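All remarks here apply to the structure that follows.
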Protein chains: 2
Amino acid sequence: MFNNIGPLRKETKQKVLAAAKTLNYHPNTIAQNFARGKSNNIGVIVPYLQKVNLISTFYFSELLSGIGSKLGELGYGLLLLFQSPDAPKDYVQLFLSQRVDGCIILGLKDTPGEVEALEKLHQLSLPYCVVNQTFSGHFFHTLDANHVDGSLQAVSHLLKKGFEQVIFLNGPAEFSNSRDRLKGYKEAFAKNGRVSYNLELVFQGNYSRKSGYQAVASIAPLLSDIKAIFAANDRMAIGLMQGLREQGYHAGEDYALVGYDDSELAKTTTPSLSTVKVPLFEMGELAAEKVLQKIPQTKAKEIPELLPVTFIERESSQIKLDQLSGI
Amino acid sequence: MFNNIGPLRKETKQKVLAAAKTLNYHPNTIAQNFARGKSNNIGVIVPYLQKVNLISTFYFSELLSGIGSKLGELGYGLLLLFQSPDAPKDYVQLFLSQRVDGCIILGLKDTPGEVEALEKLHQLSLPYCVVNQTFSGHFFHTLDANHVDGSLQAVSHLLKKGFEQVIFLNGPAEFSNSRDRLKGYKEAFAKNGRVSYNLELVFQGNYSRKSGYQAVASIAPLLSDIKAIFAANDRMAIGLMQGLREQGYHAGEDYALVGYDDSELAKTTTPSLSTVKVPLFEMGELAAEKVLQKIPQTKAKEIPELLPVTFIERESSQIKLDQLSGI
DNA sequence: ATTTACTATGTACGCGCGTTCATTATCCTA
DNA sequence: TAGGATAATGAACGCGCGTACATAGTAAAT
């Protein structure tokens, strides 16, 4: 009746609705879900990293808002699930107990444990979507941004300014994001007519500000020769910026620095940080759509797997090689 | 049987459990909830402020983690609900449809509309808890941090350094947080033997970085006389810091600056920002406990309404009045 | 051996809705 | 006006579990 089953005269409908109002009737969601055999909730799994936010809160907030916005629009609830890092991964469990009709997984790494857990999900063809991580050799349902291109844009920006080489502070290789950025880094050299990149200029942090700060020990000695740095996220870039300042190197003056993410931090630092903007909110929306589509009896719509990113120039890289007084 | 009803022999239990495993039996959460007549979810209502994050993402992330952690521990799910600012407030609706067994409300203001919505909830004695906001003249279930004390600590810190007056950039008065901070500001003068505070030194932003930046127009002219500033949150403090730098005033050198929140930003600015740390994660945990207690048949435990905060000294205020060369 | 207490197991019902099928009312066409 | 089509209404069932109650089994007490 309420679900538009069968033809129905307008007046009839009006009468029922009026009666419902006077009787203060409210359909019981639990009973509805029970009768329909689905929870009407999508689980969003976020890593529960107490205090240590490897991936920034900005990142999650934007994604969550996007997901929540789209789910709400389509009549689904958003069940937030914190995955403790030590607990064994078992996403299937969520479905067996019918707690969710689908799930969106954030903050994954490409590790054997995760791959195994995803394979189970996939084999049972349960509705899921992994955001911001891809898996080499597997065809999981994923949604990512084009980090190869983002990295390419960032490094090209530096090369076009005249820098011959670029120091690169990347993240751990378990994140496909890191691998993609390295690929973009390499491509940038080819596309800008450079002889080649130099892998000795590639360092690894863990996406935390601290790791950026610590990388100063390895990177500072190189700054006498190479005046351009690309960091795989804003937080490492800022750690680096802080550490290098202590050594007397100032971003935007003594060297050019580019970060990645366009987090809030990028606007608040001095100098402000050139960076690459990732459409996190939109990713959230699309991830929600993608999962819902995989629920049986839902109509399909083509959703891309890779979203575009855009480079944003700020102060930290507003310097050209020829402006640098020789040291 | 599974719910420990009646006495049960160990072996019997073992047998059933074994059978359940071989048959791959999983209790159906939906049916359980239905039979029990409760959803087993707590709704967390967050304001949906598209792009414009008046209240920082840091704030929500920490709170959410705390809430989720405690709810998970106690066997409840966390249903994330985005409240669009224009939609009429109706928290009761959530309960009528049985979508949640209780709710935690974040990011509220003290406006007539909100008060009305809360009064309905309260009259029906539904389980809810408002976090980080209190309401003058009402006795709602709230959980807040002691911002009077935080403000008192921050301003006292400045007064003890020898500054006679302190410029105060506060937030909107609809937030009880703002009113509390003003109270603490006033108390600080009394407790530190000053003649009095001066309300002409109190300005109002809206907790955004931009509003801090814009406040420079009013505040910069005063800096020739008064060298100490307290901002009601870190973001405004940073906006202020950026704006004042453009005028040639450097925090920690030309004037002392203290923020509030201890967000990530406070550590990444130059100079780093003295601030007041709020135990957001713990607030989340306690809010969760508080709501669950209000669900019938749940045992009570005394939970405070006001949590302590702590002042953190960083570089931006590491300067004393007598160190300032007269201008 | 019989009672009494306790433990163990089985049975039946209902939660509130969706859904399907049977029934009745209304309309249009011949 | 009769006949078929379509619209509206009503009745019945089941989703999977919790719960209360009735029954059967077992051990301790008399």
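Chain letters run A, B, ... following the sequence lines, proteins first and then strands; every chain starts at 1. Values below: every heavy atom of this structure, side chains too, minus hydrogens, waters and symmetry copies. Here the structure is a predicted model, which is why all the values come from computation and not from measurement.
Between the CZ atom of B:Arg36 and the P atom of D:dC15 there is a distance of 20 Å, given to the nearest Å. Put simply, CD on A:Gln32 is 7 Å from C1' on C:dC17, counting in whole angstrom units. Atom-to-atom, NZ of B:Lys38 to C1' of D:dG18 comes out at 13 Å; the value is rounded to the nearest Å. Atom CZ of B:Phe34 is separated from atom P of D:dC15 by 13 Å (rounded to the nearest Å). With rounding to whole Å, B:Ile30 atom CD1 is found 14 Å from C:dG18 atom P. If you measure from atom NE2 of B:His26 to atom P of D:dC15, you get 20 Å, rounded to the nearest angstrom. For A:Asn40 and D:dC15, the CG to C1' distance is 16 Å, given to the nearest whole Å. A:Gln98 has its CD atom 9 Å from the P atom of D:dG16, to the nearest Å.
Note on the helix from C:dT2-D:dA29 to C:dC27-D:dG4: terminal axis deviation equals 40°, with five pairs used at each end and the result rounded to 10°.
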Audit row: A:Leu94, A:Ile45, side chain to side chain contact (heavy atoms under 4.5 Å, CB included) steps and yes/no: CA-CA 11 Å; A:Leu94 291 171; A:Ile45 298 163; 3.8 Å; yes
Could you tabulate the donor-acceptor pairs under 3.5 Å formed by side-chain atoms of residues 121-128 of chain A, not counting sequence neighbours?
unit_1	atom_1	unit_2	atom_2	d
A:His122	ND1	A:Tyr128	OH	2.7
A:Tyr128	OH	A:His141	N	3.0

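Between B:Asn132 and B:Tyr59, the side chains place a donor N or O and an acceptor N or O closer than 3.5 Å (distance only, hydrogens not considered). B:Ser208 and B:Asn206 form a side-chain donor-acceptor contact under 3.5 Å, judged by distance and modelled atom types alone.
Annotation: salt bridge (Lys or Arg N to Asp or Glu O under 4.0 Å) contacts involving residues 74-96 of chain A, sequence neighbours excluded, comprise A:Lys89-A:Glu114.
Using a 30° and 60° split on the angle between ring planes, A:Phe135 and A:His138 fall in the perpendicular class, above 60°.
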